[in-house]
Amino acid sequence: MKKYLMYVDGEWAGNELDTMDVVNPANGEVIGTVPYGGKKEAQAAIEAADRAFSSWSSLTAYERAGYLKKLQELMLENEEELAETMTLEMGKPMKESRGEVRYAASFLEWFAEEGKRVYGETIPSHLGGKRLQVWKKPVGVVGAITPWNFPAAMLTRKIGPALAAGCPVIMKPSRESPLTAVKLTELCVEAGFPKGVVNLVTGSSSQIAGELMQNEKVRKITFTGSTEIGKQLIRQSADQVKKLSLELGGHAPMLVMDDADLDKAVKGVVASKFRNAGQTCICGNRIFVQSGIYDEFVQKFSEEVQKLKVGDGLDEETDIGPLINKDGLEKVARHVEDAARKGAKVVTGGKPITVKNGMYYTPTVMSEVSEDMILMKEETFGPVAPIMKVETDEEAVRLANQTPYGLAAYVFSENVARGMKIIEQLDYGIVGWNDGAPSAAQVPFGGMKESGIGREGGHEGMDAFIESQYVSIGID
Ligand SMILES: NC(=O)C1=CN([C@@H]2O[C@H](COP(=O)(O)OP(=O)(O)OC[C@H]3O[C@@H](n4cnc5c(N)ncnc54)[C@H](O)[C@@H]3O)[C@@H](O)[C@H]2O)C=CC1
Ligand SMILES: O=C(O)[C@H](O)CS(=O)(=O)O
């Protein structure tokens, strides 16, 4: 059994600590262990990052970019090993894991360049004896807490801009998928990042996050995960007014209007719904199809879903890997059973597949769905597509917005004016219009309402790690 370690102040650490097993959800086998660290280990990482802040932030943006570009190159050179690690620890099919490595590396390339464009400004003075300027400064030591479903991309989407801005980081990955973070850290060491600039702590989420939150040397927390935990962090942040960036849960509506290109809509809904076995924050969760094309859409969509192959992510033929754990599988089953009990029809799928202790669920399509069903209110985080019939654009928009979430939404319509009118009424930070896969490094990714605070990626992604300093200069 391989024992992996944490990385603090330029040293691999935690060998003396108890360990946590990392389990392959495809078969229940333990594939390695990481240290069960806590408050003390978080403190050591914070001290190291604090010591490194002055020297790291004193480098030029061009010098910091050199490290980020080296890390990007190393990620691409090690794509296969990173992808296999990801698939083994969280089940994603290899073809998706390879895509994630490239997606994750693209954030490093993007922010290596964005760091060079952190511009200040001069402001016309109202008095002759003054000059007014805005200087930009790195926010300071950053804590990055990430989920299991995109173990590489969610890390680089955070450490890319933080490091580019001049901020040392403490990474706290999910206990479900820490090994990808270990591999990424190994590449950071190979890329030559100075000690204390990149730190990795694994173990008790509440203890590590608790220390990140209450230690005043940490100036910023960037978190991706559930809205429930996000709300806890907001409450914890009050004592020090800790700066937060939050990428939280979603419950994406997909609106298929009667003037949609049906083949394009089916393709887009499949792409969004079944990516990572439906375990992404921007997966379609509620599919609303206008009555005129409802039956045809259900039939064509179900035919495509039945082609999806369920299996171990290491099998190149696999489209749908296992769910992350037993809780995830049980939640999916609970949502399907509730919907069926309340009158929904299982068109295809609708059952778990327990093979070799694997946590699989068949890709499922449900029709005759109604608003009172749990899966129409709570994020399912699994391969289940509930399809509800709607009559009008107004009804579709009302239902789409009827949720505390506001992360991603999707509209399929070939009519530009109609599409624009619908989209401008949707309370969502991300909208795919005839497109089921909107994500990219160069765009602002984030949600409205309870889906988060701030944006990651794009030029806005740097803002989270930069403080503006207004300087009023007397020149008399
Ligand atoms: N908006 C976005 O970009 C994304 C949102 N998500 C959301 O995340 C959820 C799935 O990911 P999970 O890892 O299961 O989410 P989670 O909220 O359970 O865990 C996220 C991270 O927070 C840590 N954590 C757990 N308890 C904590 C606590 N008390 N204090 C501080 N940190 C704590 C976990 O160890 C993990 O590292 C879904 O709701 C999904 O919608 C996932 C990926 C992207
Ligand atoms: O975990 C997620 O859902 C990611 O944020 C989605 S994406 O950015 O990889 O598309």
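Each ligand, and each atom within it, is numbered from 1 in the order the structure gives.
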What part of I324 sits under 4.0 Å from ligand 1 if we count only heavy atoms: the side chain, the backbone, both or neither?
neither
Logged contact type for T280 with ligand 2, heavy-atom cut-off 4.0 Å, is both
Provide the number and element of each atom of ligand 1 under 4.0 Å from a heavy atom of L248.
1 (N), 2 (C), 4 (C), 5 (C)
For M154, counting its heavy atoms only, list the atoms of ligand 2 lying under 4.0 Å from any of them.
4 (C), 5 (O)
Which label fits F193 and Y67: parallel for a plane angle under 30°, tilted from 30 to 60°, or perpendicular past 60°?
tilted
Assess whether atom CD of E113 is packed by more than 12 heavy atoms of other residues, nucleotides or ligands within 6.0 Å.
yes
Considering only heavy atoms of S205, which atoms of ligand 1 have at least one such atom less than 4.0 Å away?
23 (C), 24 (N), 25 (C), 26 (N), 27 (C), 33 (C), 34 (C), 35 (O)
Give the numbers and elements of all ligand 1 atoms closer than 4.0 Å to a heavy atom of L407.
1 (N)
Side-chain donor-acceptor pair under 3.5 Å between E456 and S245, yes or no?
no
Atom 10 (O) of ligand 2: nearest protein contact (heavy atom, Å):
S439 OG, 2.4 Å
Sub-3.5 Å N/O-N/O distance, F445 and ligand 2
no
Using a strict cut-off of 4.0 Å, indicate which atoms of ligand 1 neighbour a heavy atom of A209.
30 (N), 31 (C), 32 (N)
Could you find the nearest protein heavy atom to atom 26 (N) of ligand 1 and give me its residue, atom name and distance?
I229 CD1, 3.6 Å
Pairs of nitrogen or oxygen atoms closer than 3.5 Å, one from K172 and one from ligand 1: do any exist?
yes
Quick one: look up the protein heavy atom nearest atom 14 (O) of ligand 1 and list residue, atom name and how far away it is.
W148 NE1, 2.9 Å
C281: numbered ligand 2 atoms lying under 4.0 Å from its heavy atoms:
1 (O), 2 (C), 3 (O), 4 (C), 5 (O)
Please determine if R51 and D9 form a salt bridge, counting it only when a charged side-chain N lies under 4.0 Å from a carboxylate O.
yes
Surrounding NZ of K116 (heavy atoms of other residues, nucleotides or ligands, distance under 6.0 Å), is the total greater than 12?
yes
Which residue and atom name correspond to the protein heavy atom nearest atom 39 (O) of ligand 1, and how close is it?
E379 OE1, 2.8 Å
Compute the shortest N/O to N/O distance between F223 and ligand 1 and return yes if it is under 3.5 Å, no if not.
no
Check ligand 1 against F381 and write out every atom of the ligand that is under 4.0 Å from a heavy-atom position of the residue.
10 (C), 38 (C), 40 (C), 41 (O)
So if I apply the side-chain contact (heavy atoms from CB on, under 4.5 Å) rule between E41 and each of N199, V201, L200, which one comes out positive?
V201
Around atom CZ of R219, are there more than 12 heavy atoms from other residues, nucleotides or ligands closer than 6.0 Å?
no
The option among Q232, R157, E456 carrying the non-hydrogen atom nearest to atom 3 (O) of ligand 1 is R157
Taking only residues two or more places apart in sequence, or in another chain, which ones meet K92 in a side-chain hydrogen bond (donor to acceptor under 3.5 Å, both in side chains)?
E100
Is a side-chain donor or acceptor of W433 paired with a backbone partner of S413 at a separation under 3.5 angstrom?
yes
Do any nitrogen or oxygen atoms of S451 lie less than 3.5 angstrom from nitrogen or oxygen atoms of ligand 1?
no
Quick check: are there more than 12 heavy atoms from other residues, nucleotides or ligands sitting under 6.0 Å from NZ of K356?
no
Could you check which of A252, C281, S226, P173 puts a non-hydrogen atom nearest to atom 9 (C) of ligand 1?
S226
One thing to verify: whether K377 and E371 come together as a salt bridge, which I'm taking to mean a side-chain N less than 4.0 angstrom from a carboxylate O.
no
Closest to atom 11 (O) of ligand 1 among protein heavy atoms sits P147 CB, 3.5 Å
For ligand 2, which atoms, with element, lie under 4.0 Å from some heavy atom of N149?
1 (O), 2 (C), 3 (O)
Mark yes or no for whether D50, through its side chain, and K217, through its backbone, hold a donor-acceptor pair below 3.5 Å.
no
Would you mind running through ligand 2 and noting each atom that sits below 4.0 Å from a heavy atom of I282?
3 (O), 10 (O)
Going by distance only, is there an N or O of T146 that falls short of 3.5 Å from an N or O of ligand 1?
yes
Residue selection (non-hydrogen contact nearest atom 20 (C) of ligand 1) among N149, I145, T224
T224
Would you call F445 a ligand 1 contact, heavy-atom distance under 4.0 Å?
yes
Centroid-centroid under 6.0 Å between W148 and F381 rings:
yes
Got a sec: does the NZ of K195 have more than 12 other heavy atoms crowding it under 6.0 Å?
no
Among non-hydrogen protein atoms, atom 7 (C) of ligand 1 lies closest to G225 O, 3.1 Å
Among E247, Q279, R157, closest by any non-hydrogen atom to atom 5 (O) of ligand 2:
R157
Quick one: does K242's side chain have a donor or acceptor within less than 3.5 Å of a partner on V218's backbone?
yes
Please report the interatomic distance CD(E450) to OG(S226), rounded to the nearest 0.5 Å.
11.5 Å
In this structure, does ligand 2 have an atom that sits under 4.0 Å from one of the heavy atoms of R275?
yes
